[in-house]
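One structure is given here, and the rest of the page talks about it.
Below, read A as the first sequence line, B as the second, and so on, with proteins coming before strands; counting in each chain starts at 1.
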Amino acid sequence: MHNNNCIEFANINFSYPHNQVLDDISFTVQEGDYVGLVGGNGSGKTTILRIMLGLIPFASGSAKLFGEDVEDFDAWHLIGYVPQHVARGEASFGTTVREVIESGLVSRKKYFLHKQPADEKLIQWAMNVAEIADLEHRMIGMLSGGERQLVFIARALVSRPKLLVLDEPTTGVDAQSQERFYRLLSALNQSHGMTIMLVSHDLEVVAREVKTVICVNRKLVCHVNSREFIEGDYLKRLYGEDMKYIHHEHNH
Amino acid sequence: MFVEMFQFDFIIRAFQAGLLLAVIAPIIGVFLVVRRYSLLADALSHVSLMGVAIGFLLKLNPVLTALFVSAAAALGIERLRQKQKMFGESVLAVFLSGSLAIAVVLIGMAKGFNVNLLNFLFGSLSTVRESDVWLIGSLSLVVVAFCTIFYRQLFLISLDEDLAKVSGVSVNMLNTILVILAACTVALAMQMVGVLLVGALMVMPVLAAMQVAKSFLQTFGFALFFSILSVITGLFLSYALNIASGGAIVLVSLCFFLLSLLFPKQG
Ligand SMILES: Nc1ncnc2c1ncn2[C@@H]1O[C@H](COP(=O)(O)OP(=O)(O)OP(=O)(O)O)[C@@H](O)[C@H]1O
Ligand SMILES: [Mg+2]
């Protein structure tokens, strides 16, 4: 049975000792959607992503990827993932941009050092899409935070995933690179039909860029399209009374 | 003199074992160093010493008891780390000092230090037996095969374990195999370089290599180069000057490390 559901969460509960993090979360994401996942610090966004990707077991409920329970899911090349803070850790890890990007091919079950011509094409494609071809042979530790973030995005893209999962990917990325980055995501969503799930604290950008918004605060606050999100009073419910969405026209 | 030293069987055995160890120690070492886990080698060497003490006490082959105890400890360490009950480093500290304490007590019960035990502490050329060479040879085959087949997977685990899991890599299984191989390497290298210097054998050539390499793959190349050269030079020096082999080998690799610092790091 294949429907078009890319992600299905049904009644997911999750707790750390003495701390219930997710309370009965249910939602589905269709293939081709571009979802912004928002909520305050500690509201459970990263936890949702980690459950969705099978990284942490959940207490009750069911989580499916492409119609299959995450516990049994093994078509990992369909998933591209950029964890929160991933670009921070490896300053002293002596590896090149190219090696990091190549590691994204592991999900296509590659062993040894062997590489096929098709793999090389994927690597070139990913570097070009992320516009980092000129960084190919640089050491990852010598790049700026923003450049490094782009490298990990290219890594996530290299297996040609159908679902791209990004946890605060633009932290530490300057305004100009952010523009470029969101253009890239839109293009991937529109011309490659890639489903995107994006966690961000930049509500303005989220509302402008995504098609659908999922708000969480331990519970599911709302799951609406981005227009409704802008017009609704969800922000108050999320962040309290004094938070208001300010709409800027972007016409640089 | 360099030709004449190869008349002795024990020298030939030392070179055979030494060269094999020179290949596998830095291969395992790279994966430990990039994960900031190089203390594992030191912890396991002290556990191995406890294994040796048990061997002496029970009148068993100390190399085999060291191998067994070290591998078992590696499993325990990895379990604790995976369950995230404690920081990786604290786990290592507990195993290191705990096993050393047990070793000291056992050695006391075995009526004091004897010459054999000193060999394990400081390393000696003359104790390497033919059976040890075979053991080290088999281990080398396994290590080289494992790390070549799973090179990409091991690289990704070192980069980020979550990314590896989301790429379908059996992270826990590969990590467990890696620490067991590390434990075997440590236990078998101990005879030649000594408990206190096993860690250096695995780590020093890697640190030197990281100064000069311009990619992860190159790090292996340079680490192997430094390590093999250190072992050969160290063994010659050990024979010629009649000094402890472990000290000689590690001093040579320390020289490589100091030289590598002169290299401008670039990216
Ligand atoms: N390893 C852990 N042990 C215990 N509690 C944890 C752990 N990781 C997260 N938590 C708790 O789970 C809750 C949700 O965390 P989560 O990382 O999902 O939040 P988030 O929405 O991603 O926040 P942020 O915007 O700061 O990234 C928080 O209250 C946090 O304290
Ligand atoms: Mg988070």
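- We find the CG-CG distance between B:Asp162 and A:Leu49 to be 11.0 Å, quoted to the nearest 0.5 Å.
- You'll find the side chain of B:Asp160 stays beyond 4.5 Å of the side chain of A:Phe152, heavy atoms only.
- Of the listed residues (A:Val100, A:Ile79, A:Asp74), the one with the most heavy-atom contacts under 4.5 Å to chain B is A:Val100.
- In this structure, CD on A:Glu102 lies 9.5 Å from CG on B:Leu217, to the nearest 0.5 angstrom.
- Residues A:Val106 and B:Gln153 meet the side-chain proximity criterion, which asks for heavy atoms closer than 4.5 Å.
- Rounding to the nearest 0.5 Å gives a distance of 7.0 Å between CE of A:Met139 and OG of B:Ser215.
- Heavy-atom pairs under 4.5 Å with chain A were tallied for B:Ala164, B:Gly168, B:Cys147; the largest tally goes to B:Gly168.
- With values rounded to the nearest 0.5 angstrom, A:Arg155 atom CZ is found 7.0 Å from B:Leu159 atom CG.
- For chain B, the nearby parts of A:Leu53 are the backbone and the side chain; heavy atoms of each come within less than 4.5 Å.
- With sequence neighbours left out, the side-chain contact (heavy atoms from CB on, under 4.5 Å) criterion links B:Leu259 to B:Leu262.
- Partners of A:Val158 under the side-chain contact (heavy atoms from CB on, under 4.5 Å) rule, at least two apart in sequence or in another chain, are A:Ile101, A:Leu105, A:Leu122, A:Ile123, A:Ala126.
- For a residue to count as touching a neighbouring chain, one of its non-hydrogen atoms must lie under 4.5 Å from one of that chain's; by this rule A:Arg108 does not touch chain B.
- Most heavy-atom pairs under 4.5 Å with chain A, from the set B:Arg152, B:Lys165, B:Arg35: that is B:Arg152.
- Only the side chain of B:Thr219 comes within contact range of chain A, judged by heavy atoms closer than 4.5 Å.
- At a 4.5 Å heavy-atom cutoff, the contact between A:Arg50 and chain B is made by side-chain atoms alone.
- Taking the side chain as every heavy atom from C-beta outward, A:Thr96 and B:Phe216 never approach each other to under 4.5 Å.
- Looking at A:Val97, there are no atoms closer than 4.5 Å to chain B (heavy atoms on both sides), in backbone or side chain.
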